[in-house]
Amino acid sequence: MKLTGFELRRVAMPLVAPFRTSFGTEHARDVLLVRALADDVEGWGECVAGLAPLYSSEYVDGVAQVLRSHLLPAVLAAGELTAAEVARVLQPFQGHRMAKGAVEMAVLDAELRAAGMPLAAYLGAVRDAVDCGVSVGIADDVGRLLDEVAGYLGEGYRRIKLKIAPGWDVEPVAAVRDEFGDELLLQVDANAAYTLADARHLALLDAFDLLLIEQPLPEEDLRGHAALAAKLATPVCLDESIVSAAAAVDAIALGACSVVNVKAGRVGGYLEARRVADVCAAHGVPVWAGGMLETGLGRAANVALAALPNFVLPGDTSASRRYYAQDLTTPFELRDGRLAVPRGAGLGVAPLPDVLEELTTAVEQVTAR
Ligand code: OSB
Ligand code: MG
């Protein structure tokens, strides 16, 4: 594919309700979209970085800066290239995986559209619909949490993930288990809010038969996760720590996790995400598709990823309405607790032109120099 340029676009996406985690409360996403332009085709990438570097070191203004000054000029200077070659062209630049992932996604969408191939088929999907869970933020009180969970279960979600933090862990988990019964697939996500000194407290969660506890300790603390995993009956799953397939291999070898949350943005793109799933499969470690409050663009790609063979647990691939009153694409709707894998070429979805125009706050062109 010979690219003629890129467009960087910022889109204001208000959330239907504030989303509170151990690292902060999000009211809206300031989404950075990367549009890859070629002669006869275009492709869309969505960057998952948040407003502030709270989940990871990347944040949306920083991503825009590294894209315009470094990454996009390098891709344009490389001339003819395939999406699979984008990571090699960007390899000299350290880190900035969310930025790299957004570029690769845009080039991949353009390439697959030109070839008439759906992303799911390209990645090796084995399902045409995926089981969906929902990630439930920290609530003001347990009563409100139970109402929220009841609403999601009424919509058909097949698994509930509760965000936890010190002071909001055993009590809400016990209440949800008590209210909705032993059959409910239930897991928790700490977003790195605990320390190894909390091991005895976290072991209290063992009583609730959770599918997993996600990222209890800081991103770089693989040894701490291994030590914690040895003290818990609840399986430890890693999110923030798994920044590459190599990191997944190390984490598994150390005994730091027995489940992995796969997010393309966090590992530098959907191709590396597939490698993460592959190395996990080789070690008998199940994976599931995480999410970063994506619009319909990122959601389409996450659903395609979740259709791969080793994605055996329901993902954080929720319907559009769980996040946005107006999605950027035709909304994803839950059917019997599942989302259909898009069938069209590339992402299989594109921004609705009027909605995109209305929500766009800034546009910038980056062309070859
Ligand atoms: O840790 O999985 C996480 C959202 C933003 C940043 C980090 C996380 C999340 C979620 C929501 O849990 C997942 C989703 O529904 O997209
Ligand atoms: Mg997480």
Side-chain angles (χ1 to χ4, degrees), residues 13 15-31 46-60 63 97-98 101 130-139 148-149 152 155 157-165 168 186-194 210-219 225 235-243 251 257 259-267 273 276 287-303 305-306 313-324 327-328 331-332 334 339:
M13 299 285 298
L15 290 164
V16 291
F19 184 60
R20 182 172 161 204
T21 66
S22 64
F23 61 80
T25 304
E26 292 182 79
H27 298 266
R29 276 196 71 217
D30 178 355
V31 182
E46 174 173 348
C47 180
V48 299
L51 263 182
L54 299 174
Y55 165 83
S56 76
S57 63
E58 290 186 86
Y59 64 104
V60 67
V63 169
R97 292 180 171 92
M98 291 179 180
V130 301
D131 288 358
C132 297
V134 58
S135 176
V136 185
I138 295 168
E148 199 180 333
V149 170
Y152 289 134
E155 289 176 45
Y157 285 102
R158 294 182 176 216
R159 175 277 269 158
I160 296 292
K161 160 168 141 181
L162 301 180
K163 289 293 192 178
I164 60 168
W168 181 263
L186 182 63
Q187 63 193 55
V188 295
D189 185 0
N191 288 110
Y194 294 87
L210 302 179
L211 287 170
L212 56 90
I213 177 170
E214 182 177 344
Q215 197 72 39
L217 307 180
E219 173 179 329
H225 279 104
V236 172
C237 170
L238 291 175
D239 173 358
E240 285 89 331
S241 297
I242 306 300
V243 296
C257 66
V259 187
V260 166
N261 167 336
V262 183
K263 287 180 184 169
R266 195 190 63 220
V267 302
V276 172
V287 306
W288 53 281
M292 296 286 284
L293 316 178
E294 286 90 346
T295 73
L297 296 170
R299 190 156 313 285
N302 289 346
V303 168
L305 185 68
L313 294 166
D316 282 346
T317 46
S318 309
S320 294
R321 61 175 287 193
R322 182 258 172 268
Y323 311 93
Y324 305 111
D327 205 339
L328 271 187
F332 279 80
L334 216 57
L339 288 183

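In this chain, numbering begins with 1 at the start of the sequence shown. In this text the structure is predicted, and so the values were computed from the model without any measurement. Both counts, for ligands and for their atoms, begin at 1 and track the order of listing.
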Under the side-chain contact (heavy atoms from CB on, under 4.5 Å) test, which residues partner V31, sequence neighbours left out?
V11, M13, R29, L33, E46, T295
Give every pair made of an N or O atom of ligand 1 and a protein N or O atom lying under 3.5 Å apart, one pair per line with both atom names and the distance to 0.1 Å, or write 'none'.
{"from": "ligand 1", "atom 1": "1 (O)", "to": "K163", "atom 2": "NZ", "distance (Å)": "3.0"}
{"from": "ligand 1", "atom 1": "1 (O)", "to": "D189", "atom 2": "OD2", "distance (Å)": "3.0"}
{"from": "ligand 1", "atom 1": "1 (O)", "to": "N191", "atom 2": "ND2", "distance (Å)": "2.7"}
{"from": "ligand 1", "atom 1": "1 (O)", "to": "D239", "atom 2": "OD2", "distance (Å)": "3.1"}
{"from": "ligand 1", "atom 1": "1 (O)", "to": "K263", "atom 2": "NZ", "distance (Å)": "3.4"}
{"from": "ligand 1", "atom 1": "2 (O)", "to": "K161", "atom 2": "NZ", "distance (Å)": "3.1"}
{"from": "ligand 1", "atom 1": "2 (O)", "to": "D189", "atom 2": "OD2", "distance (Å)": "3.4"}
{"from": "ligand 1", "atom 1": "2 (O)", "to": "D239", "atom 2": "OD2", "distance (Å)": "3.4"}
{"from": "ligand 1", "atom 1": "2 (O)", "to": "K263", "atom 2": "NZ", "distance (Å)": "3.0"}
{"from": "ligand 1", "atom 1": "12 (O)", "to": "S135", "atom 2": "OG", "distance (Å)": "2.9"}
{"from": "ligand 1", "atom 1": "12 (O)", "to": "K161", "atom 2": "NZ", "distance (Å)": "3.3"}
{"from": "ligand 1", "atom 1": "12 (O)", "to": "K163", "atom 2": "NZ", "distance (Å)": "2.9"}
{"from": "ligand 1", "atom 1": "15 (O)", "to": "Y323", "atom 2": "OH", "distance (Å)": "2.6"}
{"from": "ligand 1", "atom 1": "16 (O)", "to": "M292", "atom 2": "N", "distance (Å)": "3.2"}
{"from": "ligand 1", "atom 1": "16 (O)", "to": "L293", "atom 2": "N", "distance (Å)": "2.8"}
{"from": "ligand 1", "atom 1": "16 (O)", "to": "Y323", "atom 2": "OH", "distance (Å)": "3.4"}

Are V48 and Y55 close enough, and set up right, to give a side-chain contact (heavy atoms from CB on, under 4.5 Å), and what steps lead you there?
CA-CA 11 Å; V48 299; Y55 165 83; over 6 Å; no
With 2.8 Å as the limit, jot down which protein N, O or S atoms are around the Mg ion (ligand 2).
D189 OD2, E214 OE2, D239 OD2
So, using salt bridge (charged side-chain N to carboxylate O under 4.0 Å, His left out) as the criterion, who are the partners of R158 when residues are at least two apart?
D131, D336
So, Q215 side chain and S241 main chain: donor-acceptor pair closer than 3.5 Å or not?
yes
Around atom CZ of F23, are there more than 12 heavy atoms of other residues, nucleotides or ligands at under 6.0 Å?
yes
Applying side-chain contact (heavy atoms from CB on, under 4.5 Å) to R266 and I242, what does each step give before you reach the verdict?
CA-CA 8 Å; R266 195 190 63 220; I242 306 300; 3.6 Å; yes
Strictly below 4.0 Å, N to O, side chains only: are R299 and D316 in salt-bridge contact?
no
Before giving the answer on side-chain contact (heavy atoms from CB on, under 4.5 Å), spell out for S135 and F19 the whole-Å C-alpha distance, their side-chain angles and the decisive distance to 0.1 Å.
CA-CA 9 Å; S135 176; F19 184 60; 3.6 Å; yes
Separation between CG (L217) and CG (N191), nearest 0.5 Å, reads 12.5 Å
